[in-house]
Amino acid sequence: MSARDGVGTLGRRQRFENSEFTVRIYPGALAEGAIYCPISARKTTTAAEAIEHVIERLQLNRTKCYVLAEVKEFGGEEWILNPSDCPVQRMMLWPRVALEHRPLSGGEDYRFLLRQKNLDGSIHYGGSLQMWLQVTEERRRMVERGLLPQPESQGDHADLCRLPELNECSLLDNLRSRFRQEKIYTYVGSILIVINPFKFLPIYNPKYVKMYDNHTLGDLEPHIYAVADVAYHTMLQRQRNQCIVISGESGSGKTQSTNFLIHHLTALSQKGFASGVEQIILGAGPVLEAFGNAKTAHNNNSSRFGKFIQVNYQERGTVRGAYVEKYLLEKSRLVYQEHNERNYHVFYYLLAGASEEERTAFHLKKPEEYHYLSQDCFTVEGEDLKHDFERLQLAMEMVGFLPATRKQIFSLLSAILHLGNICYKRKTYRDDSIDICNPEVLPVVSELLEVKEEMLFEALTTRKTVTVGEKLIVPYKLAEAGTVRDSMAKSLYSALFDWIVFRINHALINIKDLEDTTKILSIGVLDIFGFEDYENNSFEQFCINFANERLQHYFNQHIFKLEQEEYRAEGISWRNIDYIDNTGCINLISKKPTALFHLLDEECNFPQATNQTLLDKFKRQHEGSSYIDFPAVMEPAFIIRHYAGKVKYGVKDFREKNTDHMRPDIVALLKSSKNAFICGLIGIDPSATFRWAILRAYFRALVAFREAGKRQIQKKTGKLRHCTEVPLGVNTYTEKYSDKPPAVVLNPVLPKVRFRISLTNYSKGTDSEVVSHHQHYQSTSDSHLQHLLNVKSLKYLSNLTLHDRITKSLLHLHKKKKPPSISAQFQASLNKLMETLGQSEPYFVKCIRSNAEKLPLRFNDNLVLRQLRYTGMLETVRIRQSGYNIKYSFKDFVHHFCVLLPEGTRATREGIQQCLGQLDLKPDGYQVGRTMVFLREAERQRLQALLHREVLRLIVMLQRQFRAQLERKQFVRMREAAICIQRAWRLWLHRRCKACLVIQTAWRCHQARQAYLRLCGAVVQLQAMSRGYLTGQENMSPPCSPDLTLDRGFRDLKENKEPSPKVKRRRSVKISSVTVESAHRQNDALQILTCTNDYRSMNDFLMKKVPTNMHDGEFNVFWCFIFQPCPVEEHNGHIFRSTQYSIPTYCEFCSSLIWMMDRAYWSLLCTCVFMHVHSTYCICVYKQFDPELSSRQFGVEVSRLTNDERTVPLVVEKLINYIEMHGLYTEGIYRKSGSTNKIKELKQGLDTDVDSMNLDDYNIHVIASVFKQWLRDLPNPLMTFELYEEFIRAMGLKDKKEMIRGVYSVIDQLSRTHLNTLERLIFHLVRIALQEDTNRMSANALAIVFAPCILRCPDTIDPLQSVQDISKTTACVELIICEQMKKYKVRLKDINTLEFAENKAKCRLTLIRRYHTPSPPLSPRLPSVANTVAEESGGEERVDSFTEISEHQQAAMHQEERVLTEQIESLQKEKEELTFEMLTLESRASDDETLESEASIGTADSSENLNVDSEGTVSDFSGMS
């Protein structure tokens, strides 16, 4: 479609004839890489001329013939234009939508196409237009991603440093050529030039945001997004603050460029994680523009204040916070505007977009009816005020302004407008007094400001003067009254603007900034008022142009002075370039003591000073200066020669604007307002104002809730009487708000205080009412908690910004210290700005106004050239072209280009020079200094291109290797699949052949079996007949003696009889042990109980299999059905006897559950195989332990690690013994973990060879961790999966004794191998827990550690249920440890009792042997009499004076000595058994324990009797002596 141009000017015929339009011509496939070609054309430009421009621009083949075609419908019919047709005239017939180029509205349906004409006159169509557009778009995307090279420039250069010939003419021609192609951005190295097109171009959508992400300058077409992206990534890489300085005169597009920059910076921050501050930053822009921008003669959206937006970032690139610094709001615009200018935007937005309800509440009128708005124009072309007002409302909501706050702001704006309508007149009867012409305006202003009408009238017409001892009231003069009225309006608006900036900063602040002192990164964007030169320039233009002088000086310092000084410091060859230095102009305006600002402040201090005295002082001090001049005629003005040209300033109102103070009467009036918002605007200290707001809200809420409580009580009791008591002295307030609900009374600033008061003072109501009020508070205040004020944040913002140092100090003239002037404050703010910019790395954006008429896409050569001259752009291009604007430190250069440099390149001057010499670079394109590498832009781009190609080559190589790896894996999978298919096919063939052999074998077996049965039957019949005959012969012989049979049976019984050892409960006791001889098994069918061992085995088997609560009748049924007939079967060469169980039981070897009606096979020929078959027909074969089978110790069944000789695995015994020897007293032995590498090493060593491992080389915690790892790696834990539910069910019992009995009954069902290992582990944990005072490992701590190891949950159980069972499993293990600890203590007590009885018996035996000749000791354990006597006598000789003992007494003593000796041996043996025997896992309430307790009691009794007897014997012997 054709480019749009100046649609608003079509109605002006005199300007239309000479207007230039931009026509877009789509070349299609004729020009590869170009979507359209924009050309400039007039109304009279023909199609032939347009085609000639396109051929020249696109450099097409001139030997071919081209025509221009018009398309009015996308993909539709093409209308071929004649060479004499005018494209612009046909374009004017298109709809408005097409001219404005709105793709979403159908603007793309209209276009001009360039077609090639064949020799025969036909049109050559090179394919579909849609297809060509698609291919072109894909190619453009490849170029954007860097996969295709950038197209070479055609006639223009994107960087002015690449101009082959540098002068003003070439500079201007290049900018004009790019501007007509709608390329408004151009680089000068890293400096961006922006030419304002005065129309919106479609190059700012999200596609361009993504396109310029993480690209260096020069890679893509110049754009404002590229500068923002480079600043963002440079900040993250170098960890230094960045700033972007936007400068230019008014109307050059600085504000719009700032908006684009902020938009792109927030978009970059939101790539990873959006912190929420980005939306507030975007919303702050429209708010500040509405209150601080206005239409001027040069710009429809001119910033009438300066702002510096600093965006703070975290290290990862997310926005941390931000703040806005404002500079010098133009307050005089509020009361007066020049020709073709307007007031601030917000007034027009409010009057056009307010609803009827708001118009009534705020007393709004039409703009023409306000004095402050009716001075000139009211509308701007293309402006939609209602839409702008809605946009403002949305932006204020994003910033955090509540609806009530927005109403207060709009009410104050209406009050300012009505205040400007107040007119004055002299009174007829008094010449020195004035009156108000329109008194009907006073009630409106009084209502909006919420002040008393009488006080407002007095403040606007009279002033109070305090003299010595009296107060005078003096009426204003007519001119003074208007000044006071305007001063009040300007102060109110200025205070409102400061308050808005302050609240925006509060919304942008990060709470961590108040406490955190860490370094933060930031990017600052400076959007300050541009250079201005109007017909009448006043104090505001003087300050604005001074600020631009400072910025130009900052630009010169960085571009010229500092850069050339750096070249000299680095020692590279360089020739200095002269530039225009504006230091003299800056000193003229700001350097004391003769600066213009200083002289102005002096004149403001003299009451008799006038404009002429100020001008005379300027002349006396600076008459000979080259930077100031004075008009030849008598005119109150002076001329300053700025860097941008000469500007004439009128001195009228210089002094008044420099000291624009509000009188104390006006301050007192505004402070008396009942509106807290207005009082807060006037307050000088935000924190003090906030404290008063808290106090005021508290008392108002207190009164409101008390009144509501009283009304509620009266409503319930039916006594609706008026309460005459009003506490706290706030009767006026309660009278005013008594008819409003409490929610209206509350100040919305403090919802937390409101909620607390509501709970404390509303307690007389019901609970449900309080709860409902709390819910209502939560629902209405949660969304605004993030914008709550606090004293700390207010103090922080007051110190951070200039809010409390500029405007508020001017509102309090009663202070002793005189407030600073506007010029002094402005200089202070500029100094702070320059200090901030000096701490950052700058990027410059130079904005240029394309034409003075604000026409779209109109390029005025003279205006653009003037701006290029005073900004020193020619010198800037020269220093950028001849200089080295790209600088790298040695370290950064090696790090950035490490892919191109040889491996091992060091960051030294010699190494880098050698590497650069090997690359294809121009010798004059780079220099290596003392510490840095200097490159020109062309050489940097060449290096970047080489780096890009090398990186792409490495990427392709990696992709090639990765794809080869993928293909290799695919080939291996295919090969394995083919082998698998072949294996399956061969297996099927083998099975088929084997099946044939099996059938043949079965058939032949059947035939042989039938023949054998026939032969066997015949043999049996023959044997039967023979035996019958022999039996008849034997019956005739004499009978055998029965004594022989009886003796034989008695002898067999005696041989089978074995000694009865102490019966110990072991799970290895079975009905038919696998250790019985095979010969016994052959006679197993006829086996009877022939000895006590068989009986004991049978008894243990029945006690284990039969339930404890079975009645006699049930036992008989059990005995009848416990075993079924036992057929004999053969399997793999072994003969088994089948047994069918009628009750659930457990396999003795693999601990698997054998359910009812299952079958088990017992080996009849050997002891190596035991096999049982479950109902699922899964055969479990147990073989005796063979050490040669496997050496693994971890992840193996416990049964594989044990045998008859070793009941506990060797690795367990070794680890436990070492821990008990070295780590019993180590603190946190099982709580702390060892080194992971050491754990792996020890585990691998133990798993390979247990015997050769030396545990002394490892830490005790490593050994403990390996032991826990062994328990966790067991396929089936010690307390097996099959019994998990039983343990959990037992722990669910309520009675403690029943719980203990249930747990031990489940333990009895464990297999022999698991039980032995568990007993050893529990005994070890008991020993650990007994040393709790030293190792800090209690029974509970041990249970927490070992419960997941030995009592794990099966995988089939629901994970949620397993988590709920953790407490039960831990409690189960703790219960077992505690019970075994009790048994351990009881055993220690029993051992002590046995030792006591043994000592008593030894003493008695010693005493007996002293009275007669000792006999040799019967046991080697007993001490000899001689030694005993020698020890007790202390080495003295034996006493020979003993009385002779009778033979009867001597025989009794011998008998007693023999009995004592046997008793001592018995006690020693029992003590050894108790000492060396491990604690068994059985309940302490069992029968065995009862018997042992009785035995111990009997032993103790015998010991006591022995003591008594010994004492009696001693007494007898003493009597005998």
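Quantities reported herein were computed from a predicted structural model and do not represent experimental measurements.
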Would you find more than 12 non-hydrogen atoms of other residues, nucleotides or ligands less than 6.0 Å from E635 atom CD?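 Enclosed.
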Do other residues, nucleotides or ligands put more than 12 heavy atoms under 6.0 Å from E535 CD?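 Count not over threshold, so no.
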Could you go through T296 and R333, starting from their C-alpha distance and side-chain angles, then the distance that decides it, and tell me whether this counts as side chain to side chain contact (heavy atoms under 4.5 Å, CB included)? CA-CA 10 Å; T296 63; R333 179 169 295 274; 3.6 Å; yes
Looking at Y187, F260, Y185, which one forms a ring-ring contact (aromatic ring centres under 6.0 Å, His included) with H223?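 Among Y187, F260, Y185, the one meeting ring-ring contact (aromatic ring centres under 6.0 Å, His included) with H223 is Y185.
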Applying the ring-ring contact (aromatic ring centres under 6.0 Å, His included) test to F347, which of F291, Y493, F410 qualifies?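 The option that passes is Y493.
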Going by the side chain to side chain donor-acceptor pair (under 3.5 Å) test, name the single residue among R304, K331, K657 that passes it with E540.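 The residue from R304, K331, K657 that satisfies side chain to side chain donor-acceptor pair (under 3.5 Å) with E540 turns out to be K657.
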What salt bridge (Lys or Arg N to Asp or Glu O under 4.0 Å) pairs are there with at least one residue in residues 247-266, not counting sequence neighbours?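 Non-adjacent pairs meeting salt bridge (Lys or Arg N to Asp or Glu O under 4.0 Å): E249-R849, E249-R866.
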Main-chain N/O of G253 paired to Q256 side chain as donor or acceptor, under 3.5 Å: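 It does not hold such a pair.
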I'd like to check the side chain to side chain contact (heavy atoms under 4.5 Å, CB included) partners of N300; sequence neighbours left out, ordered by chain and number.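 Counting only residues at least two positions away or on another chain, N300 forms a side chain to side chain contact (heavy atoms under 4.5 Å, CB included) with K295, V380, K854.
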Quiz item: cation-pi between R342 and Y348, 6.0 Å / 45°: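 Verdict for Y348: a cation-pi partner in R342.
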After noting the C-alpha distance and the side-chain angles of Y643 and N548, does the key distance pass the side chain to side chain contact (heavy atoms under 4.5 Å, CB included) rule? CA-CA 9 Å; Y643 73 98; N548 282 271; 3.6 Å; yes
Show the nearest heavy-atom pair for residues P286 and L392, with the distance to one decimal.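 Closest pair (atom of P286, atom of L392, distance): O-CD1, 4.2 Å.
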Below 4.5 Å, heavy atoms only, C-beta onward: do V399 and V287 meet side chain to side chain?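 Touching, per the 4.5 Å side-chain cut-off.
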Which is it for H642 and E549 under the side chain to side chain donor-acceptor pair (under 3.5 Å) test, yes or no, and what are the steps along the way? CA-CA 7 Å; H642 291 284; E549 285 283 353; 2.9 Å; yes
